[in-house]
Amino acid sequence: QFHMIKYEDLKWDESLGQGSFTRIYRGHKTDIRDGENYTTEVLLKELDAGHKNCWESFFESASLMSQISHKHLLLVYGVSVHGVQNIMVQEFVKYGALDLYLKRGRSVSVSWKLDVAKQLASALNFLEEKHIVHGNICAKNLLLAREGDQSQGISPFIKLSDPGISVAMLVVLDRIPWVAPEVLDAPDDLTLECDKWSFGATVWEIFNNGNSPLQGWDLDEKRQFYESFQKLPPSQWAELADLITQCMDYQAALRPSCRSIIRQLNSLITSDYEILHSTEPVTQ
Ligand code: ATP
Ligand code: MG
């Protein structure tokens, strides 16, 4: 299903932290092609030794990403197994996770955020056409490959990362509000509609400068949020708030198609938003 990479061909550089049951490192991989050595910068995602029982799910995520190709989907080069170590080798994306990038306080314009949302929608549309469920869409899993420069008309460029360990192996409540409410009852039955919900939550995050919705809530409060059918605080931009609400509909069947999402994103005019905010500072 995927390319096996020899452990000897990998070089480990600094740690970039931890994910869900994973440790993340920057590194390099060496290939020999036509008798010449090539090195590529890579990201090494190693499954925690304490969670070896998740390896199937971990490799399924690698396999999924290896089988599909789209400009806004992260490239996975393959996997490497070395003794007890299970490693996913993937493209290193220069500016890292989008939530951290936005939280660092980089001031980006509304049209920048809208570009990112459109790029994610195009990746989602691609997956929808192929009937592939991602299952872990959030701003943390959007990686920023290019910052863009508005003065020169250059857009940002994002790539959607691999879904990682299946939510069924994790604490589902932790993933509120990104995980669709119906997943709480059936964590093994992810559908395309679940990704629509996550898309809505992710767009919410992007327009709230990477701040996590429901930050600091405990698991019980999060569960109650869903049990009482609550919604995230709406954006002041009515048309955007409406799109997020449609995606985060508690009735999965009512969530919009990707075509509809793209059409609605294309009809958003950023000047409307800027007029709305011209008299007041944009609040967090
Ligand atoms: P999850 O499955 O929950 O997404 P994970 O194992 O993918 O967990 P993350 O929390 O998504 O781990 O990623 C940890 C950090 O590693 C991110 O915040 C980001 O800064 C960095 N990172 C992840 N993937 C890449 C990549 N391909 N290129 C550069 N940085 C990355
Ligand atoms: Mg991730």
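Remember, it's 1-based here, ligands and their atoms both numbered in the order they're listed.
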Charged tip of Arg33 within 45° of Tyr38 ring normal and under 6.0 Å: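 Ring-cation test returns yes.
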
Side chain or backbone of [X] under 4.0 Å from ligand 1, or both, or neither, by non-hydrogen atoms?
X      : answer
Asp162 : neither
Asp99  : neither
Lys45  : side chain

Is any protein N, O or S atom closer than 2.8 Å to the Mg ion (ligand 2), and if so, which?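 You should have found Asn141 OD1.
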
Stepwise side-chain hydrogen bond (donor to acceptor under 3.5 Å, both in side chains) check, Gln246 with Gln264: CA-CA 11 Å; Gln246 289 173 41; Gln264 293 184 59; 2.9 Å; yes

Phe157 and His72: ring-ring contact (aromatic ring centres under 6.0 Å, His included), yes or no, with the steps? CA-CA 8 Å; Phe157 198 93; His72 293 300; 4.4 Å; yes

Which atoms of ligand 1 have any heavy atom of [X] under 4.0 Å away?
X      : result
Phe92  : 28 (N), 29 (C)
Asn136 : 1 (P), 2 (O), 3 (O), 4 (O)
Gly164 : 2 (O)

Ionic contact status for [Y] with [X], cut-off 4.0 Å:
X      : Y      : answer
Glu239 : Arg263 : no
Lys29  : Glu41  : no
Lys196 : Asp249 : no
Asp220 : Lys222 : no

If we ignore angles and hydrogens, is there a donor and acceptor under 3.5 Å between the side chains of Gln215 and Asn211? no

Look at [atom] and say which protein heavy atom is nearest, naming residue and atom and giving the distance to 0.1 Å.
atom                    : answer
atom 6 (O) of ligand 1  : Thr22 OG1, 2.5 Å
atom 13 (O) of ligand 1 : Ile24 CD1, 3.9 Å
atom 15 (C) of ligand 1 : Leu16 O, 4.4 Å
atom 31 (C) of ligand 1 : Leu43 CD1, 3.4 Å
atom 17 (C) of ligand 1 : Ala97 CB, 3.9 Å
atom 12 (O) of ligand 1 : Gly19 CA, 3.2 Å
atom 27 (N) of ligand 1 : Glu91 O, 2.9 Å
atom 11 (O) of ligand 1 : Asn141 OD1, 3.0 Å

Please verify whether a non-hydrogen atom of Pro163 lies at under 4.0 Å from ligand 1. yes

Below 4.0 Å from ligand 1: does a non-hydrogen atom of Arg175 turn up there or not?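 Judged by the 4.0 Å heavy-atom criterion, Arg175 does count as contacting ligand 1.
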
Residues 165-180 side chain polar contacts: donor-acceptor under 3.5 Å, at least two apart:
residue: Ser166; atom: OG; partner: Ala168; partner atom: N; Å: 3.0
residue: Arg175; atom: NH2; partner: Ser20; partner atom: OG; Å: 3.4
residue: Trp178; atom: NE1; partner: Glu205; partner atom: OE1; Å: 2.8

Could you label the plane-to-plane angle of the Tyr25 and Trp12 rings as parallel, tilted or perpendicular, counting under 30° as parallel and over 60° as perpendicular?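 Tyr25 and Trp12: perpendicular rings.
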
So, for Lys231 and Tyr250, which heavy atoms are closest and what is the spacing to 0.1 Å? NZ-CD1, 4.5 Å

Find the distance between OH (Tyr77) and CG (Asp31) and round it off to the nearest 0.5 Å. 9.0 Å

Any chance CD of Glu14 has more than 12 other-residue heavy atoms, nucleotides or ligands included, within less than 6.0 Å?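 Yes.
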
Given Leu160, Leu74, Asp99, the one that forms side chain to side chain contact (heavy atoms under 4.5 Å, CB included) with Leu142: Leu160

